[in-house]
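Data first, discussion second: the structure below is written as structure tokens.
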Amino acid sequence: MLRLERVGLSYGRGAEVLKDVDFELQRGSFCFLTGASGAGKSSLLKLAFMALHPSRGRIKLFDQDITRVSRRQLPFLRRRIGVVFQDFRLLDHLTTFENVALPLRVAGKLPRNYERDVRDLLDWVGLAKQADSYPPVLSGGEQQRAAIARAVISKPELLLADEPTGNVDPILARRLIRLFAELNKLGTTVLLATHDMNLLKHVRAPVLHLENGALQQRH
Amino acid sequence: MLRLERVGLSYGRGAEVLKDVDFELQRGSFCFLTGASGAGKSSLLKLAFMALHPSRGRIKLFDQDITRVSRRQLPFLRRRIGVVFQDFRLLDHLTTFENVALPLRVAGKLPRNYERDVRDLLDWVGLAKQADSYPPVLSGGEQQRAAIARAVISKPELLLADEPTGNVDPILARRLIRLFAELNKLGTTVLLATHDMNLLKHVRAPVLHLENGALQQRH
Amino acid sequence: MHRPDIIPSKAASLRTLTATMAVMCYLACLAVGALILIDRAVDAWASGLSQEVTVQIRVTSDSDLQADINKATELLEATSGVVAVADLGEEAGKALLEPWLGSDGLDALPIPRLLGVKIDETSPPDFDALAAALQEAVPTASLDTHRRWEAELTRMAGSLSILSALVLLLIGISAVAMVISASRAVLEGNRPIVDVLKLVGAEDRFISRQMDRRFLSTGLWGGFLGLALAIATFLALGYAGWAASPGLAAASRGLFYVPTADTWLPYVALLAVPVAATILSLVTSRLALTRMLQR
Amino acid sequence: MHRPDIIPSKAASLRTLTATMAVMCYLACLAVGALILIDRAVDAWASGLSQEVTVQIRVTSDSDLQADINKATELLEATSGVVAVADLGEEAGKALLEPWLGSDGLDALPIPRLLGVKIDETSPPDFDALAAALQEAVPTASLDTHRRWEAELTRMAGSLSILSALVLLLIGISAVAMVISASRAVLEGNRPIVDVLKLVGAEDRFISRQMDRRFLSTGLWGGFLGLALAIATFLALGYAGWAASPGLAAASRGLFYVPTADTWLPYVALLAVPVAATILSLVTSRLALTRMLQR
Ligand SMILES: Nc1ncnc2c1ncn2[C@@H]1O[C@H](COP(=O)(O)OP(=O)(O)OP(=O)(O)O)[C@@H](O)[C@H]1O
Ligand SMILES: Nc1ncnc2c1ncn2[C@@H]1O[C@H](COP(=O)(O)OP(=O)(O)OP(=O)(O)O)[C@@H](O)[C@H]1O
Ligand SMILES: [Mg+2]
Ligand SMILES: [Mg+2]
């Protein structure tokens, strides 16, 4: 599914944030990514999402070498991936509903074909009342849930979530983790970066730990 | 120190987010504020910081009725308060150093009088290397620490922190909590909104819990 | 179900772009209108004038008329800007004096001779120098100053026409600079949105279509607002301007109403302004967007 | 230790403001310069012209010269736009004929009489109507068309002067609209920064001082860039423009070099443009900022 081979990453002329990272994410697996603040978790997810280019090494995604894939192919690869960004990246001038529906709209789907799904999902993440509100008036946790909803609305093959429960209460966090687990059962591969040790307790899954730019697997 | 009397808050013509909130924060105390996502924690902190006006009720801060304080007085009241916003609110075009020094600069202090302090504080929160980086290139946790540093740099009488450890690892979180406790010992009153149950274990302090717009005190 | 625009329509930079389009199109339309007006006035003027000046040769007791005529003709033909010289004969001289002296008894007088000098309208000779040269070579000859005034006027009108073309050019360049700058600011302001669209899997085509739509509607709305203001200004000049300057007023109205062979010209020229500005804005945004997407 | 500006200097909207200031000041300076040029030209023109036209009254065998003179004088004095009428005497008539006939034997001829008609420069009479009326009332009288041309020219120059003042006004209004719009966009773009400054305890004074500094430097830089471009344009016109329009070229140079009583005027007027634009930008940002801070 996702395979990093001796990947190194440095920003500009700075030191390497990631050094010789090697790992493979099996199709249908569920994995946590941990590490201290500034260890490079977000950077690693951005690499997987093709928002960054590795300084060296090779990344294979859906059996394609994404360091070589053409720019025209990028959007189609990205549509098969859902991402929750640490800073949400919602569009302030679109309602919560429109934000969540954005990946579908961008993929050329018609509203009548997705309106139902979007409303159901908003309901599930507890944003039914906020469907027509704009992100700037949402609470931190509400924005985060909107971001999660946007990431999963298109039932992606791969889900990359960066600290997706940092702004919600423990009960909601467990509910969201259940959502991820549910999707995982339906075939979505999940890679979830988090600091929340309680989450690790709720799902039995391998943990990838980043330290000094290197990745270690823990169970 | 801070006293809310039958405070109600509603946004626009929506339902009330806070209903009849009554509580007093004693000078020198340390208090947690909890509640589900969307319960109104951030709203309450914004009220205390005079970034919002209550729809009804009275708020007293430093023995002044802040619903009646003149606009000219506001900056001087605010300088006595440190705030960590849930969304950080860093200025993207200033370096971490400049962001942290901003409250001092705005208060008319000269760089030679604060440079040392700022560097020491950055060191303490683990941002010494990022002092000259701009917020957009910081990791989520680094941004959060910069926001915390900015809130405490002027040794405020009151510290309001909104989910200040949502983006940092448990070890850093404990370190930051120690920073808050340290400040508290030096006389700063601390009100800390959080979802992180582990934090509650580290500091023995009263917990204010928001539910359905009402505040309950738990110990 | 209504789907809101993906590129927001309410950014401050977009309002600036609208204002830019309106103001620059307004000024450009005014300049185009003025150019057309002035060109027409100059044309009308020039066609109403004879392209001739006259040279009078006096008859004195000690002068040889024919020799003087030949000498003057020679001199005139050698002057640049003179196309042809013709002796207008004795009758023309008589016609000249008639208004002053009546037709009786003219035959007894030494009737001066007139030469018709056809001049090149586009590059008329220097009349002052010519008059001096003529006086020097043939003391009995003098250049008719009446026609010289006409030529002076024509030259002044020509200058005016060049000046207004120059103004149009300068306004045009200014408009281009402004539209480019404002369009780039709008695109720059939309960078975070473009980034998010890329991240949710939007193709470049999709993004540029959305962006084009926004620039197209902003551009056309601003541009035609400017055009409408310009037309309103011409109309206001045409009616309210009467007292200040009747000629200007009539000309302003003439711009739209007077039927001439090229009645369609002002309409087309004015319409071209907002369209060209919009295209410029679109192209600018496209180029900047392409660069933005490439990274 | 260097402290970076709190209001960033590199926003796209700020670049648009710089461009706006430069372009609008450029156009306004051009318009001011043109207005000064044209006013000077018109003044020079008008002072070089006599404010008189002449009426000739022929002597025929069956006419009473003095009666004709009286009748014509009466008619002329009743015409609006005529200030005074004077009989120029017999010598003036002789002087008129001399160029054609020489001075010998003039005494034998029926010398026409000339009337000097002083006209009101600012509202000259309708010469065509006057000529017709004169012909009708006094068949031997005729209006000298030479001077009529001069008057026509003066009127045209006057129109031109009004037109250029109008253009200056329209460019001025456009510039005001653009500067206001661009300044507001810049302020709007800085709203998040203003919010943060408020939250960290900045006084309104502090924020407006920072903002003023930014607008002042942007405004002056853009404005004087525009002024410099305008001066460069005048200089280019003054030297390179010679071929296209010598009069224009000389005038452009005259704008800066020719010593006249009001030599300082163009400098002051041109300098006023960027200064005024910067003040406008500052005032706009101040007003918008005050509104922003009040909430
Ligand atoms: N665009 C960038 N340019 C330069 N340095 C960057 C950039 N993005 C991240 N960094 C640096 O790279 C390091 C890793 O960042 P990253 O965001 O991957 O950390 P993280 O593991 O996600 O941390 P956190 O848990 O705090 O979010 C950080 O020290 C950060 O300052
Ligand atoms: N500016 C606003 N306009 C309208 N509604 C708002 C605004 N700000 C917040 N709200 C609503 O008020 C409610 C409380 O918001 P608040 O941000 O105080 O919650 P919170 O307790 O901080 O939640 P979280 O833990 O998710 O940050 C939410 O439902 C939110 O949608
Ligand atoms: Mg991160
Ligand atoms: Mg909150």
Side-chain angles (χ1 to χ4, degrees), chain C residues 11-13 15-16 18-20 22-24 26-27 30 34 56 58-61 93 96-97 99-102 104 109-110 112 142 145-146 149-150 152-153 155-160 162-163 166-167 170-171 174-175 177-178 180-182 184-189 233 237 241 244-245 247-248, chain D residues 11-13 15-16 18-20 22-24 26-27 30 34 56 58-61 93 96-97 99-102 104 109-110 112 142 145-146 149-150 152-153 155-160 162-163 166-167 170-171 174-175 177-178 180-182 184-189 233 237 241 244-245 247-248:
Chain C
S13 62
R15 275 201 301 277
T16 307
T18 311
T20 302
V23 166
M24 297 323 291
Y26 174 67
L27 291 178
L30 283 189
Q56 295 131 18
R58 253 187 304 132
V59 180
T60 57
S61 48
L96 180 73
L97 289 178
W100 285 291
L101 301 172
D104 323 334
L109 295 170
S142 62
T145 48
H146 178 316
W149 277 111
E150 290 187 352
E152 186 96 340
L153 261 179
R155 189 162 67 186
M156 182 164 154
S159 255
L160 201 63
I162 291 174
L163 187 67
L166 196 76
V167 166
L170 294 178
I171 289 187
S174 300
M178 279 305 306
I180 288 180
S181 162
R184 293 177 70 169
V186 170
L187 198 79
E188 196 51 48
T233 305
L237 263 183
S245 175
L248 194 58
Chain D
S13 62
R15 275 201 300 276
T16 308
T18 310
T20 302
V23 166
M24 297 323 292
Y26 174 66
L27 290 179
L30 283 189
Q56 295 131 15
R58 252 187 304 135
V59 180
T60 57
S61 49
L96 180 73
L97 288 177
W100 284 291
L101 301 172
D104 321 335
L109 293 172
S142 62
T145 48
H146 178 316
W149 276 112
E150 288 188 352
E152 186 93 340
L153 260 179
R155 189 161 68 187
M156 184 164 154
S159 255
L160 200 63
I162 292 174
L163 187 67
L166 196 77
V167 165
L170 293 178
I171 288 186
S174 300
M178 277 307 303
I180 288 180
S181 162
R184 293 177 70 169
V186 170
L187 197 79
E188 195 52 48
T233 305
L237 263 183
S245 174
L248 194 58

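By convention in this document, chain letters (A, B, ...) are assigned in the order of the sequence lines, proteins followed by strands, and residues within each chain are numbered from 1.
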May I ask you to name which of Ala12(D), Gly189(D), Ala11(D) has the most heavy-atom pairs under 4.5 Å with chain C?
-> Ala12(D)

Proximity breakdown for Ala177(D) and chain C, heavy-atom pairs closer than 4.5 Å | side chain

Against chain C, label Leu187(D) side chain, backbone, both or neither, depending on which of its atoms sit under 4.5 Å from a heavy atom there.
-> neither

Answer whether the closest heavy-atom distance between the side chains of Met178(D) and Met178(C) falls below 4.5 Å.
-> yes

In terms of heavy-atom contacts, Ser181(D) and Ala19(C) come closest through OG-CB, 3.4 Å

From Ile171(D) CD1 over to Ile171(C) CD1, what is the distance, rounded to the nearest 0.5 angstrom?
-> 5.0 Å

For Ala22(D), the side-chain contact (heavy atoms from CB on, under 4.5 Å) test, sequence neighbours excluded, returns Leu225(D)

Answer with side chain, backbone, both or neither: which region of Ile180(C) has an atom nearer than 4.5 Å to a non-hydrogen atom of chain D?
-> neither

Results of side-chain contact (heavy atoms from CB on, under 4.5 Å) for Ser174(D) - residues two or more places apart only | Val23(C), Tyr26(C), Leu27(C), Met24(D)

